[in-house]
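Notes follow the structure.
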Amino acid sequence: MKFLKLLIVLLTINVSAQQGGMWIPSLLEGMNEDEMTNLGSKLTAKDIYDVNNSSLKDAIGHFNGGCTSEVISDQGLILTNHHCGFSQIQSHSSLENDYLKDGFWAMNLEDELPNKGLYIEFIVSIEDVTSKVLAGVTETMSEKEKQSTIDKNSNAVQSATVKEDWQDTKVKSFYKGNQYFLFITERFEDIRLVGAPPTSIGKFGSDTDNWVFPRHTGDFSMFRIYADENNRPAKYSKNNKPYKPKHFLPISLDGIEEGDFTLVFGFPGRTNEYLPAVAIEHITKEFNPSNIAIREAALKVIDAGMKASDDVRIKYASKQARIANAWKKWIGENLGIEKSNAVAERRKFEAQFTEALKQKALTGKYGNILPEFDALYKDFSAVNIKRRNFIEVFIVTNELMQMTFRAYQLEAATEADEANFERAKKALVTRLKGIHKNYDVNIDKGVFEAVMPYYTKNVNALIYGETAFTNLDTALKLLEGKPKDVLKKLNKDAAYKYAKPMIEDYYTNIDSEFKQKNEVITALQTKYMTALMEVLPDERYFPDANSTLRVTYGQVKGYSPRDAVYYKPVSYLDGVIEKYVPGDYEFDVPKKLLDLYEAKDYGQYADANGKVPVCFLGTNHTTGGNSGSPAIDAHGNLIGLNFDRVWEGTMSDMNYDPEICRNIMVDARYVLFIVDKFAGATRLIDEMKLVHPKKK
Ligand code: ARG
Ligand code: GLU
């Protein structure tokens, strides 16, 4: 009996240890398949990825390069996050048709709204091409020579690839350039908006709740892929038809409970799991804090403006969300690194690595790596911070500085060759129009006064009264005329005159020093990756995220963020009502939802206790880009939609720890409940395939 208990304890430890990692879908056979089975999956590696038959991967689309989406009907219906479709929803919105505020539901195909520039890309196949890409690369080559050989080889691999006309190829580096894969892809460009809940559901809790649990956000929106008469990718046309997918995800009505297997399938953007301790220290102690301070200063101004005016709220909604999102993430990342003792733990691991080097007589080959990292980061940290602060001020937060920065590029291009003028001017005009579409000069001036002191002692807000750039007409007027005259006028503009020396300093000193030092660190990181895999071959190595399709798996699970606090893994509609603050810009609840709650009118979407689940937690290792990724059950059905991580767990980009890293998903039943009962968009429910995998 005692032995049995011990065995069970050992088994559970073992199972929880086998989580974390973002795996390449074509390489799941073996270890990953076994780990998934241990966690309760009934799927085979081939169910997930198969080149010859349809498989789960055929339902997973890269949404506009930054998010993930999935096909949920045989008519190309697409599910992704509300925050992923946010700028499309915003661009169809106006004070009269405020889809951000009221939501949008196309009640038939004709009402679905086209979106310029939006695309969804699917993966047709993945192939290891490492030996071809690295052919001819030698140890003695300089980094530049190496890269140019790799580029040449990659191009050759792509031109030799047999594919259909409408398909594309790309070659991507994995394990820091230790492995290369070829992708054949299909990109659809006629993507129409089908539905979105009001922001009070889709972004319920807004910034206060962002990155935290308990969460009650219905962060979803729906689109539809349209294809030509042959079901192939095509530009927008009235004649296009709903896309018939190779695979779509059935949706489970049986929901989840703690311990259930979950698989998240999507396009994670970027992680840095193999950093040395000195890098983690630099990021959390120096780099993050300086960026946090700049964004905090900008947000104070923007938030106040948005609260005071509906016009400002609509104009700045998207921008504010972008600034606030990373700001809050960095704060959580720092907390998590601290809480998990990540720097000390990484040092311990490095001691183990150094010991293994000795035992394997590899100190001569790899022993200099860690000391070199220490020296390089010492030298790198100041310029890394300065460069990032420039980006935060001149590109992320202040719009007038951004306009001068873009104008500088026109001047630089024209100085290089006058023939560039028209093209560069066109690019600048597009930028200016984009900025002015959602511009408020008072907000921007406030932001300027708030952020500029973080970059320079020379803060002069008077330029706002003297520059042409704060008004689109005068800005465009300034760009009229012959190249020489335009540059002359430009150099007389007050804002341009103010910004230009700082921009020049950025290009000639800051950015070039950064690039030179960063290149050396990147090369050492490649060598470190090679060394790790050679010296400690029994560790579980997965390649850092690089915006390619990945599988991550785990279980539904709660967690303890602090002493004496435990978060249960599932939140309910009751929690929405608990948080409800009438009229509040973050916690208001639409009347219709209150009515449905009052009447307990939940249709088939309540759980066994008669409650509607809203969000749930899992141990899946996710990052930015996994937004909109499907959470899939043991049988391949959709159970939820990934949209966030818990605050302390955002450090998983550098240090995944199964104790506190959790991803947050919207429960599929909440999505269905909102579509059906709240929006009355039953035609969408009718085209989905709702299943009962647990009731057999
Ligand atoms: N934190 C999530 C992500 O990184 C959600 C962001 C959108 N939500 C928000 N309240 N800004 O994208
Ligand atoms: N919300 C993130 C995204 O847009 C996903 C959350 C995360 O970073 O894990 O991709």
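Order of listing sets the numbers, starting from 1, for every ligand and every atom in it.
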Notebook entry, point to check: Run the salt bridge (charged side-chain N to carboxylate O under 4.0 Å, His left out) check on K300 and E296 step by step: do they pass?
Noted result: CA-CA 6 Å; K300 251 193 209 139; E296 202 154 295; 5.6 Å; no
By number and element, which atoms of ligand 2 are closer than 4.0 Å to a non-hydrogen atom of [X]?
{"X": "G625", "answer": "3 (C), 10 (O)"}
{"X": "R645", "answer": "7 (C), 8 (O), 9 (O)"}
{"X": "H83", "answer": "1 (N), 3 (C), 4 (O)"}
{"X": "N626", "answer": "10 (O)"}

[atom] - nearest protein heavy atom and its distance:
{"atom": "atom 6 (C) of ligand 2", "value": "D644 CA, 3.5 Å"}
{"atom": "atom 2 (C) of ligand 1", "value": "D644 OD1, 3.2 Å"}
{"atom": "atom 2 (C) of ligand 2", "value": "S627 OG, 2.7 Å"}
{"atom": "atom 8 (N) of ligand 1", "value": "N210 OD1, 3.9 Å"}
{"atom": "atom 12 (O) of ligand 1", "value": "H83 NE2, 3.1 Å"}

Checklist line | Cation-pi geometry met for R669 and Y605 (6.0 Å, 45°) | finding: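 No, cation not above the ring by the 6.0 Å, 45° rule.
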Ring centroids only, cut at 6.0 angstrom: are [X] and [Y] within range, meaning strictly under it?
{"X": "F213", "Y": "Y559", "result": "no"}
{"X": "F188", "Y": "Y243", "result": "yes"}
{"X": "H621", "Y": "F542", "result": "yes"}
{"X": "H83", "Y": "F86", "result": "no"}

Notebook entry, point to check: How does K203 reach ligand 1, by side chain, by backbone, by both or by neither, if only non-hydrogen atoms under 4.0 Å count?
Noted result: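 Near ligand 1, K203 shows its side chain, while the N, CA, C and O stay back.
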Next item on the list: Can you spot which of F223, Y119, F267 makes a ring pair (Phe, Tyr, Trp, His ring centres under 6.0 Å) with F63?
Entry: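 So the option named by the test is F223.
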Note to self: Does ligand 1 come near enough to N325 that some N or O of the ligand is less than 3.5 Å from an N or O of the residue?
What the structure shows: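 By distance alone, the answer is yes.
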Check: Take atom CD in E258; do more than 12 heavy atoms of anything else shown fall under 6.0 Å from it?
Finding: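 It does: E258 CD has more than 12 such atoms within range.
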Notebook entry, point to check: Is S206 in contact with ligand 1, taking contact as a heavy-atom separation below 4.0 Å?
Noted result: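 True for this residue.
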Note to self: With nothing but distance in play, are any N or O atoms of F643 less than 3.5 Å from an N or O of ligand 2?
What the structure shows: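 Min N/O separation from ligand 2 is below 3.5 Å for F643.
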Check: Going by the atom numbers of ligand 1, which of them fall below 4.0 Å from some non-hydrogen atom of F643?
Finding: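 Those atoms are 2 (C), 5 (C).
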Notebook entry, point to check: Taking it one step at a time, do E121 and R187 satisfy salt bridge (charged side-chain N to carboxylate O under 4.0 Å, His left out)?
Noted result: CA-CA 4 Å; E121 196 168 88; R187 177 184 287 214; 3.1 Å; yes
Check: How does W211 reach ligand 2, if at all, at less than 4.0 Å between non-hydrogen atoms: by side chain, backbone, both, or neither?
Finding: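 The part of W211 near ligand 2 is the side chain, not the backbone.
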Note to self: Under 3.5 Å, is there a donor on one side chain and an acceptor on the other for T68 and H62?
What the structure shows: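 T68 vs H62: no donor-acceptor pair found between side chains.
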